[in-house]
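To start, the structure under review is shown below, and the notes come after it.
What's counted below: heavy atoms across the whole structure, side chains too, no hydrogens, waters or symmetry copies. In this text, all values refer to a predicted model and were calculated from it rather than measured experimentally. Chain A is the first sequence line, chain B the second, and so forth, proteins listed ahead of strands; every chain is numbered from 1.
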Amino acid sequence: MDNIANNIADNNQVRVRIAPSPSGNLHVGTARTALFNYLFAKKNNGKFVLRIEDTDLERSNVEYVKNIYDSLKALGLNWDEGPDVGGPYGPYQQSDRFDIYPKYAQKLIESGHAYECFCTQEELEAEKEESIKNKTAHKYSGKCRCLPKEEQEKLRAEGRKPSIRFQVPDEGITKFDDMVKGELKFENNLIGDFVIMKSNGTPTYNFAVVVDDMEMKISHIIRGEDHISNTAKQVLIYEALGVPVPLFGHLGMILAPDRSKLSKRHGATAVSEFVEKGYLTEALINFIALLGWSPSDGQEIKSLDEIAQDFRINEVSSSNSIFEYDKLNWMNGQYIKKMDIKELTQKVKPYLSNYDLSASSELSEANLEKIVEITREPITILSDLTESVKYFFGKDVEYENDVKETVINTEGSQKVLQYAVNELENWDFNNEEKFHDQLGELRNYFKEQGIKPKDTMWALRAATTGRTHGADMVATLIILGKERVAHRIKAAIQ
RNA sequence: GCUCCCAUCGUCUAGUGGCCUAGGACACAUCCCUUUCACGGAUGCGACAGGGGUUCGACUCCCCUUGGGAGUACCA
């Protein structure tokens, strides 16, 4: 791990990147990779680069590019260089870089590290099937390695478009020192000659990344461990190109509770989906940071900046971790509880679209804030509020479940409500403290008559909110206002 | 099939040979607080996958087994 520090001390600037391909919305797994890169950059005064890998034009979509931007920004993972903000080593979108890959491929051909391959799809598949039949590891045979010039030209004349393959050494070991996993090695003879330029003239992933990372002077590559086997190929390319190999760090994967890849059937997978469900990006990013990393002081709730200060890539866990909602939910609740009330109110508005929030309704902005303030505590996701806030709207209440039978229509409750109707005029809706005491007196009055304080309050709560539990009663009644409270209590009396 | 990675409470993790009768967080249970739900507080439940070594001493190092994951494309 010493070389991590050395590389930095060397005055080589730390440059990391996140390179998503826009074939879907930003996945939480990608978000975590982005996060760890971001943290590493921040911790080491480096640069965080965003590169859009859209070489697969068929699967790429501009809509997803926008989603990637928006999600990353929402998470606070701001990049220093990228397609939108530019930078010294652009362009930062691979589709704008198509003209630079062939030169490097050519260079590799000239130096004997690559060759044109005229094999057809069918020939390749036949080879593969053969090796499956023989139960041997399948890798490309390398039969185009030494095609004579004349043969090449003949096939070209026939209209065959060659791909370009990297010529992997037959012997030797390719190894690299992984920042999180330690030394990793692969035997070269197990790696088949792989395509670097497709026959359509576009680069393959393994080639494009190397060229881009090299040109963008990326010093450290932090990514998911699903790339480990690619790394061997990429190291080979760096070496063939005669350029310094960056340092790699491979993170464990994020798995669903059933230990399979986190996918749609497990619920939300994209950052934007979590946001839509009502998760705060602050909580999401905090939660994700805890998957594989842990704070040195044991304090788990931390801002991005705090995490960055405490972050050490070599302390990241190298095993997979399971994405469980329990802790995310708890954490989201913590953030909701602490969030600035004005900000929270704004964030909550989309979940209140069922209700009349126009100025003419009884709901002023100030009232809405109060409602959010008193109902925020028990909720774990923003969308919970839609339901828990329901009884603040409209003149009448809807009774939940069997509230009418089990609470309102009981003898005790009816007594309380009848009494309350008369008492109502005296209640001070403008003075919370006084109102609180008045309700206390009400409880005491009925306590003497053998009605438990709890039941007294339940009668009131059920009548005014239709439920047996909810926010603080005094605050609730004040927001409802004397008129509506009176109306609802009267409606509850048989 | 082949290659590679990983392995501590249900989950996220602390632990880098003796500080470990293995610590914290979430979840769960009980209790306290309280007009309800919650929040908060207290307590409890709960793990070193198995087997061999190495060592005076292994959760920590090595090997094997088992289990999980990844890769094996002219996808990224």
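In this entry B:U66 has B:A7 as its Watson-Crick or G-U wobble partner, both defining distances falling under 3.5 Å. Using N1 to N3 plus N6-O4 or O6-N4 for Watson-Crick, or N1-O2 and O6-N3 for G-U wobble, each under 3.5 Å, B:U55 pairs with nothing. Pair assignment for B:U35: none, as no Watson-Crick or G-U wobble contacts are both less than 3.5 Å. A 3.5 Å limit on both hydrogen-bonding distances identifies B:C28 as the Watson-Crick or G-U partner of B:G44. In this structure, B:U72 forms a base pair with B:G1, meeting either the Watson-Crick or the G-U wobble geometry with both donor-acceptor distances under 3.5 Å.
Contacts of A:Gly292 with the nucleic acid, taken as non-hydrogen atoms under 4.0 Å apart, involve only primed sugar atoms and P, OP1 or OP2. The residue A:Gly252 sits apart from the nucleic acid: no heavy atom pair falls under 4.0 Å. At the heavy-atom level, A:Phe194 lies nowhere under 4.0 Å from the strands shown. Nucleic acid contact for A:Asn329: none, since no nucleic acid atom lies under 4.0 Å from a heavy atom of the residue. Using a 4.0 Å heavy-atom criterion, one finds that A:Glu125 contacts no nucleic acid atom at all. In this structure, A:Lys337 reaches the sugar-phosphate backbone alone: every heavy-atom distance under 4.0 Å involves primed, P, OP1 or OP2 atoms, never a base.
For the OP1/OP2 pair of B:A14 and a distance below 4.0 Å, the side-chain nitrogens and oxygens of A:Ser294 include at least one atom meeting the criterion.
When the C1' atom is compared between B:U43 and B:C48, the two are found 25 Å apart, to the nearest whole Å. For B:A58 and B:A49, the P atoms lie 16 Å apart once the distance is rounded to whole Å. The same atom, P, is picked in B:U60 and in B:U8; the two are 12 Å apart, to the nearest Å. Here, B:G46 and B:C28 have their C1' atoms 10 Å apart, quoted to the whole Å. Taking the C1' atoms as reference points, B:A70 lies 45 Å from B:C37, given to the whole Å. For the C1' atoms, the distance from B:U34 to B:A38 is 10 Å, rounded to whole Å. For the P atoms, the distance from B:G15 to B:A76 is 39 Å, rounded to whole Å. Comparing the P positions of B:C5 and B:C63 gives a spacing of 11 Å, expressed to the nearest Å.
For the 3.5 Å distance criterion, the side chains of A:Gln438 and A:Asp428 fail to qualify, holding no donor opposite an acceptor.
Side-chain rings of A:Tyr104 and A:His113 stay apart, their centers remaining 6.0 Å or farther from each other. Under the 6.0 Å cut-off for aromatic ring centres, A:Phe207 and A:Phe166 do not qualify, their centroids lying 6.0 Å or more apart. Ring centers of A:Phe194 and A:Tyr140: at least 6.0 Å apart, outside the cut-off. In this structure, A:Tyr69 has its ring center at least 6.0 angstrom away from the ring center of A:Tyr92.
Closest to the A:His436 side chain, of the nucleotides B:U3, B:C37, B:U35, is B:U35. Of the candidate nucleotides B:C5, B:G24, B:U13, B:C5 has the atom nearest to the side chain of A:Leu184. The A:Gln334 side chain lies nearest to B:C39 when the options are B:C12, B:C39, B:C5. When the nucleotides B:U35, B:U13, B:C26 are ranked by their closest atom to the side chain of A:Met457, B:U35 comes out on top. Of the candidate nucleotides B:A38, B:C12, B:U35, B:C12 has the atom lying nearest to any side-chain atom of A:Lys327. Minimum atom distance to the side chain of A:Glu324 is reached by B:U11, of the listed B:A27, B:C5, B:U11. Of the candidates B:U11, B:U36, B:C26, B:C26 carries the atom nearest the A:Trp330 side chain, counting heavy atoms from C-beta on.
The distance from atom NE2 of A:His266 to atom P of B:U11 is 15 Å, rounded to the nearest whole Å. A straight line from OH of A:Tyr325 to P of B:C28 spans 17 Å, rounded to a whole angstrom. One atom, CG of A:Asn332, and another, P of B:A27, lie 13 Å apart when rounded to the nearest Å. Atoms NZ (A:Lys447) and P (B:U34) sit 12 Å apart, rounded to a whole Å. Atoms NZ (A:Lys139) and C1' (B:U3) sit 12 Å apart, rounded to a whole Å. Taking atom CH2 on A:Trp293 and atom P on B:G15, their separation rounds to 12 Å, with Å as the unit. Rounded to whole Å, the distance from CG on A:Leu251 to P on B:U13 is 11 Å. B:U35 atom C1' lies 12 Å from atom CG of A:Asn444, rounded to whole Å.
Under a 4.0 Å N-O distance rule, the pair A:Glu324/A:Lys327 does not qualify as a salt bridge.
For the pair A:His138/A:Glu127, no side-chain contact is recorded, criterion being any heavy-atom separation below 4.5 Å from C-beta on.
Mapping A:Asp326 and A:Glu183 onto RNA chain B by nearest heavy atom places A:Glu183 closer to the 5' end of the strand. Where A:Glu377 and A:Lys185 meet RNA chain B, the nucleotide closest to each residue was compared, and A:Lys185 sits on the side nearer the 5' end.
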What does the B/S/- profile of nucleotides 58-76 of chain B look like, 5' to 3', with a 4.0 Å heavy-atom cutoff to protein? ----------SSSSSSBBB
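Just one of A:Leu382, A:Asn329, A:Thr380 meets the side chain to side chain contact (heavy atoms under 4.5 Å, CB included) condition when paired with A:Tyr279; it is A:Asn329.
A:Phe36 carries A:Arg32 over the face of its six-membered ring, with the cationic atom under 6.0 Å from the centre and within 45° of the normal.
To the nearest 0.5 Å, atoms CH2 (A:Trp293) and CG (A:Leu251) are separated by 13.5 Å.
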